[in-house]
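Read through the structure below, which is laid out as structure tokens, and then see the notes.
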Amino acid sequence: MMATDRFPKRLWMLMGALISVCILMHIQGRWHWSYDYWEHLAVVRAFASNLFSPKHPLFFGEYAHAFFTPYHFILGILAQYVSPRVLMALAGSINIALFCHSLHLFLYRLTEKRALSFYTLLLTLFVWIGTWNFSGFFHVKVFFAVSSYPSFFAAIVTFYAWYQCLCVFSDAKRYRYGLLFGLTFFCVLSHPLTYIVFFIGLIALYVSKKGMALEGYKIFLFVLLGFALALFWPFFSLLELFRSGSDLYHQANQAMYHRFWIRAGFAVLCLPLLWKRYKDKKTDFFVLLSVGLLAIYVLGYMTHLFSYGRVVSYFLLMMNCVAASWCLERPRGVLFLLALVAAGVFRVSPFFEDIMPLGQDPNSYFSRLTFLKEFVQEDAVILSDEETSRVIPAINGKVVGSSLGHPVAFIPDFKERNRSLQFFFHKAISPEERRLIMNRYLVDYILVNKQDENLLENPSDAFLRWGDVVYEDATYCLIQL
């Protein structure tokens, strides 16, 4: 075994210690939770309240939700016994460990380089010029914050599926086909965009392992059966999500094509290494998958189906694999790689200032709004500002709209809801217009955030004509209509 393979076996202890610290920080809630986190938490609460017939986590009405996934369903079962917030933290922590394990299993089985997954993870976390701060990416600024999300879980499923595919090519045990069937089902429902990567990766593995025709046919048969079963998922229609709900997501993902050459800078610099692998072996897995992902990325731009641009995160990951593999094949390659990582750690060190120190409340939004559990019914509609409306469904009640940073599928008037939310508390709106908004969305409560700069000088007084104050503190005033 090469020295470069023995070296990281000792460093795995250090990596494990660092991951353990992050797990403890997860459990204590030391990361800034925002945007999607509150929506995922609301979905878990919805399943916990009614496992087989969950109500929409955000809005009042009979709507489906794209986050009613098998992943959230399992969390919903567990949330009947554990606090959803604690459960989300634990899920994120477990997912981090599973991510490292699944990536290592796959890369070691593929390349027989024990060190590859370790250095790939270091490059992915710390070495980048500029990147996207979205779920589904794996750099340090989002890795821990999104580890409880279904996109992160889908990545784990993908690596395990690729590993099982490689095992099939060597031993063809029957149970592995069943595992691929189940992994397909979980991946396509948990995060359909990751399923694109999942499927292209299987094709790349099949092509790279020439002479495995029979096994390959069986693999794709069970994968297609898993996809077919997903079409019958009872909590939302996968076909409807692809047909209509995806239009909103395409608009929200145009950022995937902004400043590509800068954000993907390190991966672009590694393209000559990919070319070298192509010259050595035209059916190299990393070459085939990277080319396939770039083709999907370009297709998304040409067709304005911008959500396909999200596959760029796996292109970056594969290029990090290529770079790490190249370094491991050179006498001083590990030292060069560690120097890159050290420079990356120094560059992103200001990010860690955003982690709340011990003794401070990292989730002040949540703690300040816990009074909603006492004063508001579960299905009550609460009209509040955009920032507060993100958090309300994760605690208690429904909202009119919410600036989540992404659209919500299956809600035909989502844009109109957000416009109404923005205008309601604005100084220029008339009482009659406010009344129309309240009637349209069957509002039960108005929650006034006194720190909102758009409010009137005495915001609570402006709404008292419609109801009575049931709770008030230095930040919020809750008025029941």
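Using a 4.5 Å heavy-atom threshold, the side chains of Arg85 and Leu41 count as touching. Counting heavy atoms from C-beta outward, Phe315 and Leu294 have side chains that approach closer than 4.5 Å. When side chains are defined from C-beta on, Thr131 counts as touching Leu316, because their heavy atoms get closer than 4.5 Å. Looking at heavy atoms from C-beta onward, Phe143 lies in side-chain contact with Leu125 at the 4.5 angstrom threshold. Using a 4.5 Å cut-off on side-chain heavy atoms (C-beta onward), Leu202 and Tyr206 make no contact. Counting heavy atoms from C-beta outward, Arg45 and Pro57 have side chains that stay 4.5 Å or more apart. At least one side-chain heavy atom of Tyr119 sits under 4.5 Å from a side-chain heavy atom of Leu338. Inter-residue side-chain proximity for Phe424 and Val400 is flagged as unmet; no heavy-atom pair is nearer than 4.5 Å.
Using the six-membered ring where Trp is involved, His139 and Phe137 have ring planes that are tilted, between 30° and 60° apart. Between Phe285 and Trp162, the two ring planes are perpendicular [angle over 60°; tilted spans 30° to 60°]. Between Phe99 and Phe138, the ring planes lie tilted relative to each other; the angle falls in the 30° to 60° range. The aromatic rings of Tyr149 and His40 are tilted relative to each other, their planes meeting at an angle between 30° and 60°. Ring orientation note: the planes of Tyr195 and Phe199 are tilted relative to one another, at an angle of 30° to 60°. Ring geometry for Tyr297 versus Phe260: interplanar angle of 30 to 60°, hence tilted. Taking the six-membered ring where the residue is Trp, Phe47 and Phe235 present perpendicular rings, their angle passing 60° and hence far from 30°.
Distance alone, capped at 3.5 Å, places no donor-acceptor pair between the Thr388 side chain and the Asp385 backbone. No side-chain donor-acceptor contact under 3.5 Å links Arg277 to the backbone of Leu273. With Ser148 contributing its side chain and Gly92 its backbone, the two residues share no donor-acceptor pair below 3.5 Å. Under a 3.5 Å cut-off, the side chain of Ser325 and the backbone N or O of Cys321 do not form any donor-acceptor pair. Judged by distance alone, with hydrogens and angles left aside, the side-chain atoms of Thr124 form a donor-acceptor pair with the main-chain N or O of Thr120 at under 3.5 Å. Put simply, the side chain of Asn95 gets close to the backbone of Ser147: a donor and an acceptor are under 3.5 Å apart. A distance-only check finds a donor-acceptor pair linking the side chain of Tyr257 to the backbone of Tyr301 [under 3.5 Å].
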### Task
Dump the intermediate steps for side chain to side chain contact (heavy atoms under 4.5 Å, CB included) on Lys398 and His56, then the final yes or no.
CA-CA 9 Å; Lys398 309 299 181 184; His56 196 278; 5.6 Å; no

Practice problem: Walk me through it: do His104 and Arg114 pass the test side chain to side chain contact (heavy atoms under 4.5 Å, CB included)? | Solution: CA-CA 8 Å; His104 176 70; Arg114 192 181 301 275; 4.0 Å; yes

Open item on the list: As a quick check of understanding, evaluate side chain to side chain contact (heavy atoms under 4.5 Å, CB included) for Thr69 and His72, giving each step before the final call.
Closed with: CA-CA 5 Å; Thr69 68; His72 291 94; 2.7 Å; yes

From CA spacing to verdict: side chain to side chain contact (heavy atoms under 4.5 Å, CB included), Cys327, Val334:
CA-CA 6 Å; Cys327 288; Val334 170; 5.9 Å; no

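The heavy-atom pair separating Leu421 from Gly401 by the smallest distance is CD2-O, 3.2 Å. Pairing each heavy atom of Phe159 with each of Tyr314, the nearest pair is CZ-CE2, 4.4 Å. Smallest separation of non-hydrogen atoms from Thr283 and Val207: CB-O, 4.0 Å. In terms of heavy atoms, Ala66 sits closest to Ala409 at CB-CB, 4.4 Å. Considering every non-hydrogen atom in both Leu447 and Leu372, the closest pair reads CD2-CD2, 4.5 Å. Contact detail for Thr194 and Ser151: the closest heavy-atom pair is OG1-O, 4.2 Å.
Between Phe410 and His65, the gap from one ring centroid to the other reaches at least 6.0 Å. Aromatic pair Phe68/Phe236: centroids not less than 6.0 angstrom apart.
Other residues, nucleotides and ligands contribute more than 12 heavy atoms inside 6.0 Å of the CZ atom of Phe306. When the shell of 6.0 Å around CZ of Phe60 is examined, it contains 12 or fewer heavy atoms from other residues, nucleotides or ligands. A 6.0 Å sphere centred on OH of Tyr308 holds no more than 12 heavy atoms belonging to other residues, nucleotides or ligands.
Using a 4.0 Å cut-off between charged side-chain N and carboxylate O, Lys113 and Glu329 make a salt bridge.
Going from atom OG1 of Thr184 over to atom CZ of Phe227 covers 10.0 Å, rounded to the nearest 0.5 Å. In this structure, the separation between CG on Leu274 and SG on Cys270 is 9.5 Å, given to the nearest 0.5 Å. We find the CG-CG distance between Leu116 and Leu110 to be 8.5 Å, quoted to the nearest 0.5 Å. In this structure, CZ in Phe106 is found 15.0 Å from CD1 in Ile156, a value given to the nearest 0.5 Å. Within the model, atoms CE of Met318 and CZ of Phe286 stand 6.0 Å from one another, a figure rounded to the nearest 0.5 Å. Rounding to the nearest 0.5 Å places CD1 of Ile411 at 5.5 Å from OH of Tyr63.
For the pair Lys282 and Tyr278, the cation-pi test (distance below 6.0 Å, angle within 45°) is passed. For the pair Arg417 and Phe59, the cation-pi test (distance below 6.0 Å, angle within 45°) is passed.
Under the 3.5 Å distance criterion, with hydrogens and angles disregarded, a donor-acceptor pair is assigned to the side chains of Asn253 and Ser307. Using modelled atom types and a 3.5 Å distance limit, the side chains of His191 and Tyr71 yield no donor-acceptor pair.
By the salt bridge (charged side-chain N to carboxylate O under 4.0 Å, His left out) test, Arg419 pairs with Glu416, sequence neighbours left out. In this structure Ser135 satisfies the side chain to side chain donor-acceptor pair (under 3.5 Å) test together with Arg310, sequence neighbours excluded.
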